[in-house]
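Note that these values count all heavy atoms, side chains included, but never hydrogens, waters or copies made by symmetry.
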Amino acid sequence: MDDEELPYCFLEKSWAGIRFLLDEAGVGVDVYEDGDPIDEECVLFGWSADLVAASAEALGATPFEALEVHYDPRKLSEADVYPMRHMWDADDIGYLRDNYRDLVAFFRKTAASGGAAIRNFSF
């Protein structure tokens, strides 16, 4: 694939909310901790092709509706989930839904190509 064709996903600040919902639903994908650190600061993590494929399968088998039932703004606020901290509200579910859709599409496309992935994280 050319660089322009490579799958890409930018979760913005939704990663922690998505992570919270995945954990609550018991889905074995951690968008923050999975993979192997590539650098000393743990900004870059490598996801092997096998991990990408397993993640694509788990995420593809988990429609957002299965996560949405775990959405509780009070619980997210009490847990101090980034970025809203103590200000999660009912309207934030759409933000998480849109980014989750992009995440699933990224993993599906990457797994279909047999590719690995690099997770770049910065605050």
Side-chain angles (χ1 to χ4, degrees):
M1 296 179 130
D2 292 333
D3 284 348
E4 295 83 32
E5 296 173 343
L6 291 174
Y8 176 83
C9 179
F10 182 64
L11 292 179
E12 299 180 327
K13 296 179 179 183
S14 70
W15 68 269
I18 290 171
R19 180 184 191 200
F20 179 89
L21 295 178
L22 290 169
D23 286 348
E24 290 291 304
V27 179
V29 176
D30 188 331
V31 295
Y32 183 70
E33 294 287 335
D34 282 350
D36 298 308
I38 296 174
D39 62 335
E40 290 183 23
E41 295 82 27
C42 294
V43 171
L44 302 173
F45 271 63
W47 290 48
S48 68
D50 289 341
L51 181 57
V52 166
S55 299
E57 184 177 333
L59 295 173
T62 309
F64 191 77
E65 292 76 21
L67 302 180
E68 190 170 33
V69 299
H70 299 283
Y71 184 75
D72 181 341
R74 183 187 55 76
K75 245 178 129 172
L76 275 91
S77 295
E78 287 174 358
D80 205 30
V81 174
Y82 179 85
M84 308 305 186
R85 304 283 183 201
H86 296 287
M87 299 183 294
W88 285 92
D89 64 38
D91 295 335
D92 296 320
I93 190 71
Y95 177 63
L96 298 178
R97 181 185 300 110
D98 292 344
N99 282 284
Y100 182 73
R101 180 194 63 228
D102 294 346
L103 180 68
V104 172
F106 166 78
F107 274 101
R108 281 183 174 155
K109 189 172 183 181
T110 304
S113 74
I118 295 176
R119 192 259 307 150
N120 181 358
F121 190 88
S122 63
F123 285 97

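Taking Lys13 as the reference, nothing meets the salt bridge (Lys or Arg N to Asp or Glu O under 4.0 Å) condition, with sequence neighbours excluded.
Contact detail for Ala116 and Trp47: the closest heavy-atom pair is CB-O, 3.1 Å. Nearest heavy atoms, Pro7 versus Lys109: CG-CG, 3.7 Å. The shortest non-hydrogen separation linking Glu24 to His70 is O-CE1, 3.5 Å. When all heavy atoms are compared, the tightest approach of Ala49 to Gly114 is CB-O, 3.5 Å. The nearest pair of heavy atoms linking Asp92 to Asp89 is OD2-N, 2.8 Å.
The hydrophobic clustering, which links ILVMFWY residues whose side-chain heavy atoms are closer than 4.5 Å, places Tyr8 and Leu11 apart. With hydrophobic clusters built from ILVMFWY side chains whose heavy atoms lie under 4.5 angstrom apart, Tyr32 shares a cluster with Leu103. There is a path of hydrophobic side-chain contacts, each under 4.5 Å, that joins Ile18 to Phe121. Under a hydrophobic clustering in which Ile, Leu, Val, Met, Phe, Trp and Tyr are joined whenever their side-chain heavy atoms come within less than 4.5 Å, directly or via other members, Phe107 and Phe10 fall into different clusters.
Listed for the Tyr100 side chain is no donor-acceptor partner under 3.5 Å among the backbone atoms of Ser14.
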Validation: residues 61-68 side-chain donor-acceptor distances under 3.5 Å, sequence neighbours left out:
from, atom 1, to, atom 2, distance (Å)
Thr62, OG1, Ala58, O, 2.7
Glu68, OE2, Arg97, NH2, 2.5

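Pairs passing the salt bridge (charged side-chain N to carboxylate O under 4.0 Å, His left out) check and including a residue from residues 26-44, sequence neighbours excluded, read Arg19-Asp30.
Between Trp88 and Leu96 there is a side-chain heavy-atom pair separated by less than 4.5 Å. At least one side-chain heavy atom of Leu76 sits under 4.5 Å from a side-chain heavy atom of Tyr71.
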